[in-house]
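First up is the structure itself, then whatever we jot down about it.
For the numbers below, each heavy atom of this structure counts, side chains included, while hydrogens, waters and symmetry mates do not. Quick note: residue numbers are just sequence positions, from 1.
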Amino acid sequence: MTIPRTKQHNDSTKQSHQSLSKGESNSCQTMGRRTPLTLSAASDIHTTELTDSCLRRVLLRHEQKIRPVATTALYRGLLAGKVLEHVHRGESLGLIKENICHISQIMCQEVEAEGRILSDSVVKNMRDIEGDVLKVVEQYVARLMPLFEQCELVGTELPCRASFSGTSYASHLDLLVRDTNNVFGYGEGRLLCIDWKYRQDAPTKSYLARNLQFFLYWLTIKEGSVMAYPAVDGWVKYNESPQMLWCHLPNMKPFGRKTTSKDADGNQVVYAKGDERPITSILREVNFLEDIGVVEEMKRDMADRVEMMRSGFFPKSPDPVGCQVCEAQDFCSRGDTVELLENK
């Protein structure tokens, strides 16, 4: 991802990147604090960096001071998505199990091609990660595929894009289907955009309703375009409001202990160990309103982050857990040590 420069930053940005290309550091001091570099000009902004929880990490990546690390949690999610692509292409579960090592090798190559480094934990525990993914995929095939097979598959990992406020945004959709038989209950013929997620904590509805990446997926289908036919570079403008669904993959696994939770109808139910989790805990729906005021406010939220980066403002966003595993921690200034020479 690269961000277009404002005119007044052209000269200073050019000088900064010339210095970086020679392996030098280039920054200025304002009230004792480092002023981040402005990123160079180019086309689309990808949501993975636009919505990164810590913009300082984004900057350090572009300064080539760090290489992003594929942690166990990240790699598990990427591998699960890759395997589910095979599932939706019609490959049998048996064939996928036979080829899981090969699929994982391809995933490793793609991760490294993106400039990421596999963590030591991923390399050491690769077979365990593959086993965890297969357990989730088995449940996915048993519980969700009978529903998806009654829908029209548009595609998986589909490029999407949208433009507004003078900025172009780009991303990819994990899964897009048209529910021709209304098996999911959101209306016959409704487009369903499913985002596969493999993380420990399930999201709340209030979080998803504010999630800019999720909103952009919705917006690319509503106002932008989707490459629904990659073989022929077929960009499609749907101009439809899709139903957005966060698919929380860890909840495909049965309950590990006796648990009291709400069922699909909102009733409190006591589940025994081994019981399947309700479908509503797996597919978390988000209903973005088509109200012009709501849409414009969300667009402004995205534009604000873009403007921050265009202005060279990349604040740190410390996280009690994330900072412990962040690849940027050695290059990110802190209050109890002298700032690293590389940051001067």
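In this structure, a donor-acceptor pair under 3.5 Å is present between the side chains of Thr204 and Ser206.
Taking all atoms of both residues into account, the shortest heavy-atom contact from Ser171 to Tyr217 is OG-CE2, 3.2 Å. In this structure, Ser241 and Glu290 approach most closely via the heavy-atom pair CB-OE2, 3.5 Å. When every heavy atom of Cys151 is checked against every heavy atom of Thr180, the shortest pair comes out as CA-OG1, 4.2 Å. Pairing each heavy atom of Tyr271 with each of Phe255, the nearest pair is CG-CE1, 3.3 Å. Here the shortest heavy-atom pairing between Cys54 and Ser317 reads SG-N, 3.4 Å. Between Trp196 and Gly81, the shortest heavy-atom contact is CZ3-O, 3.6 Å.
Here Glu285 contributes atom CD and Lys205 contributes atom NZ; the two are 5.0 Å apart, rounded to the nearest 0.5 Å. With values rounded to the nearest 0.5 angstrom, His248 atom NE2 is found 8.5 Å from Arg277 atom CZ. If you take CZ on Arg116 and CG on Leu74, they are separated by 5.0 Å, rounding to the nearest 0.5 Å. If you take CZ on Phe164 and CG on Leu216, they are separated by 6.5 Å, rounding to the nearest 0.5 Å. Annotation: the span from Cys193 atom SG to Leu173 atom CG amounts to 4.5 Å, rounded to 0.5 Å. A distance of 14.0 Å separates NZ of Lys273 from NZ of Lys258, quoted to the nearest 0.5 Å.
Heavy-atom contacts from other residues, nucleotides or ligands closer than 6.0 Å to CD of Gln200 number 12 or fewer. Within a 6.0 Å radius of CZ in Arg89, more than 12 heavy atoms belonging to other residues, nucleotides or ligands are found. A 6.0 Å sphere centred on CZ of Arg143 holds more than 12 heavy atoms belonging to other residues, nucleotides or ligands. The neighbour count for Asp291 CG, taken as heavy atoms of other residues, nucleotides or ligands under 6.0 Å away, is above 12.
With contacts defined as side-chain heavy-atom distances shorter than 4.5 Å, the pair Glu157/Leu175 does not qualify. Side-chain contact between Ser104 and Val133 is absent, with no heavy atoms from C-beta onward closer than 4.5 Å. Between Val269 and Asp275, every side-chain heavy-atom pair lies at or beyond the 4.5 Å cut-off. Using a 4.5 Å heavy-atom cutoff, the side chains of Val154 and Tyr238 are in contact. Using a 4.5 Å heavy-atom cutoff, the side chains of Asp52 and Arg61 are in contact. Between Arg161 and Met227, the closest side-chain pair of non-hydrogen atoms is not below 4.5 Å. No side-chain heavy atom of Met145 sits under 4.5 Å from any side-chain heavy atom of Leu93. Taking 4.5 Å as the limit, every side-chain heavy atom of Leu153 sits out of range of all side-chain heavy atoms of Phe148.
Residues passing the salt bridge (Lys or Arg N to Asp or Glu O under 4.0 Å) test with Lys299, sequence neighbours excluded: Glu223, Glu296.
Both Met302 and Val286 are members of a single hydrophobic cluster when ILVMFWY side chains are connected at heavy-atom separations under 4.5 Å. The hydrophobic clustering, which links ILVMFWY residues whose side-chain heavy atoms are closer than 4.5 Å, places Leu176 and Leu219 together. Cluster membership check: Tyr207 shares its hydrophobic cluster with Phe288, using side-chain heavy-atom separations under 4.5 Å among Ile, Leu, Val, Met, Phe, Trp and Tyr. Leu79 and Ile117 fall into different hydrophobic clusters, defined by Ile, Leu, Val, Met, Phe, Trp and Tyr side-chain heavy atoms under 4.5 Å apart, directly or through other members. Following chains of ILVMFWY side-chain contacts shorter than 4.5 Å, one can reach Val236 starting from Leu191, so the two form part of one hydrophobic cluster.
In terms of modelled atom types and a separation under 3.5 Å, the side chain of Asp179 and the main chain of Gly189 share no donor-acceptor contact. For Asn125 (side chain) and Asp128 (main-chain N/O), no donor-acceptor pair under 3.5 Å exists by modelled atom type. Of the possible polar contacts, none joining the Gln139 side chain to the Lys135 backbone as a donor-acceptor pair under 3.5 Å is found.
Using bins of under 30°, 30° to 60° and over 60° for the plane-to-plane angle, the ring pair Tyr140/His88 lands in the perpendicular bin.
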- Task: With side chain to side chain contact (heavy atoms under 4.5 Å, CB included) as the test, would you mind laying out the steps for Leu212 and Arg305 before giving the verdict?
- Result: CA-CA 10 Å; Leu212 294 181; Arg305 290 180 70 86; 3.7 Å; yes
- Task: Test Val137 against His86 for side chain to side chain contact (heavy atoms under 4.5 Å, CB included), laying out the working first.
- Result: CA-CA 11 Å; Val137 171; His86 285 262; over 6 Å; no
- Message: Please evaluate residues Phe215 and Val295 with respect to the criterion side chain to side chain contact (heavy atoms under 4.5 Å, CB included), reporting the C-alpha separation (whole Å), side-chain torsions for both, the decisive distance (0.1 Å), and the verdict.
- Response: CA-CA 9 Å; Phe215 169 73; Val295 173; 4.3 Å; yes
- Task: Dump the intermediate steps for side chain to side chain contact (heavy atoms under 4.5 Å, CB included) on Thr156 and Leu84, then the final yes or no.
- Result: CA-CA 9 Å; Thr156 59; Leu84 289 175; over 6 Å; no
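The residues Glu130 and Arg127 are annotated as salt-bridged, a charged nitrogen and a carboxylate oxygen being separated by less than 4.0 angstrom.
Residues Tyr75 and Tyr198 place their aromatic rings such that the two centres sit no closer than 6.0 Å.
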